[in-house]
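Heavy atoms only: backbone and side chains are in, while hydrogens, waters and symmetry mates are out. On a predicted model such as this, the values are computed, not experimentally measured, just so you know.
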Amino acid sequence: MVATSRFALGCARSDLGDGSLPFTLATWNINSVRLREPLVLKLLQDHGPDVLCLQECKSPVDKIPTEAFHAAGYTHMVARGQKGYNGVAILSRLPLEDAGDQDFATLGHARHVAAKLENGVTIHNFYVPAGGDVPDREVNEKFGQKLDYLADMRDWFHSDKPQKSILVGDLNIAPREDDVWGHKQLLKVVSHTPIEVEKLAETQNAGGFVDITRQDIPEGNLYSWWSYRAKDWDAADKGRRLDHVWATPDISNAAHSSKILRDVRGWEKPSDHVPVFATFDL
DNA sequence: ATGGTGGATTGTCCA
């Protein structure tokens, strides 16, 4: 009944014949959802993810430009926001219910929101603190907050083991050597330091999460972010994979067709991050 | 080692 009604909505979804129904999800640090409303619309229209998780909306929830998203078929949204900084939103053309938020490290920032789809899958959308410039909590409070945030994530997923869950977002850490343009050059650069990589692994393991992007694309360099400060981001290609799609083992086998839309970095007035996609047959 | 760019806001703070 649910599948039939979804199909009748005409969202270009197709039954696989085995009772499973695919849905496509994307995560994108948009760096101001109001400034980049046209880019969000373009992504929705050109690529049609069923669910789009945004980070760094930099907008109170009531100022997110939902009208155009609704008109494009994305009639559902779960979001958290604040003025000027942070902010996370989940846009969807599938019904979803608000599943709450967490204020890890007690920062009072809008960095997490969860939503539950009708198929029982919970989606966690995260914007992990960037952590400042100096990778030493003694001299840089922001780095300590980043580590504390990850430790709280770890403890939360450890005490309340997630099931049928997808975790996406800008985790602000590139864990693998081939997730950065230069492993040795970045060992002391925030986002790729060993302590951060270790903390991220602890968080991932606490929830039992599978890295879906790397399940699908196990080999080769993968980036989802290129600094604004590079003169020619494309030619220099000094990227990092900061944006991730994870899933719990009970649904990780349903995932496929991951992709990172590098071209989006070349759109007019781009975000410094590009969307990461995955499809789940559930 | 340094500074480079971009967004929100309107002073700087953040990435």
**Student:** Can you measure A/Q55 atom CD to B/dA8 atom C1' for me and round it to whole angstrom units?
**Tutor:** 18 Å

**Student:** Nearest whole Å is fine: how far is B/dC14 P from A/L35 CG?
**Tutor:** 20 Å

**Student:** How close or far is atom P of B/dA15 from atom NE2 of A/H273, stated in whole angstroms?
**Tutor:** 11 Å

**Student:** Under 4.0 Å: is that the gap between some side-chain N or O of A/R36 and OP1 or OP2 of B/dG7?
**Tutor:** yes

**Student:** How far, in whole Å, is B/dT2 from B/dG6 if one measures between their P atoms?
**Tutor:**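 B/dG6 and B/dT2 have their P atoms separated by 23 Å.
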
**Student:** Check the distance between B/dG6's P and A/K58's NZ and give it to me in whole angstrom.
**Tutor:**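 In whole Å, B/dG6 P lies 13 Å from A/K58 NZ.
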
**Student:** Relative to the 5' end of DNA chain B, which residue comes earlier, A/N86 or A/K231, by the nucleotide with the nearest heavy atom?
**Tutor:** A/K231

**Student:** Relative to each other, are the rings of A/F23 and A/F280 parallel, tilted or perpendicular (30° and 60° limits)?
**Tutor:**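 Aromatic pair A/F23/A/F280 classed parallel.
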
**Student:** Which whole number of Å gives the distance between the C1' atom of B/dA15 and that of B/dG3?
**Tutor:** 15 Å

**Student:** Which atoms form the tightest heavy-atom contact between A/I173 and A/L150, and what is the distance?
**Tutor:**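 Heavy atoms of A/I173 and A/L150 come nearest at CD1-CD1, 3.5 Å.
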
**Student:** Please determine which of A/F209, A/F157, A/W246 meets the ring pair (Phe, Tyr, Trp, His ring centres under 6.0 Å) test together with A/H124.
**Tutor:** A/F157

**Student:** A/Q82 CD to B/dC13 P: how many Å, rounded?
**Tutor:**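 Those two atoms, CD and P, are 16 Å apart.
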
**Student:** Should we say atom CG of A/D133 is surrounded by more than 12 heavy atoms from elsewhere, each under 6.0 Å from it?
**Tutor:**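 12 or below, so no.
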
**Student:** Nearest-nucleotide wise, let me know which of A/G132 and A/S32 is further upstream toward the 5' end of DNA chain B.
**Tutor:** A/S32

**Student:** What is the separation between atom CD on A/E141 and atom C1' on B/dC14, rounded to the nearest whole Å?
**Tutor:**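 In whole Å, B/dC14 C1' lies 14 Å from A/E141 CD.
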
**Student:** Taking CZ from A/R229 and C1' from B/dA1, how many angstroms apart are they, rounded to a whole number?
**Tutor:**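 Taking atom C1' of B/dA1 as the reference, CZ of A/R229 is at 15 Å.
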
**Student:** Rounded to the nearest angstrom, tell me the gap between atom CD1 in A/I30 and atom P in B/dA8.
**Tutor:** 11 Å

**Student:** Using a heavy-atom cut-off of 4.0 Å across all strands, would you classify A/R111 as base, sugar-phosphate, or nothing?
**Tutor:**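 Result for A/R111 = sugar-phosphate.
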
**Student:** Can you name the one residue among A/K269, A/K58, A/H273 that meets side chain to side chain donor-acceptor pair (under 3.5 Å) with A/N31?
**Tutor:** A/K58

**Student:** Quick one: is A/K269 getting a side-chain N or O under 4.0 Å of the B/dG6 phosphate, OP1 or OP2?
**Tutor:** no

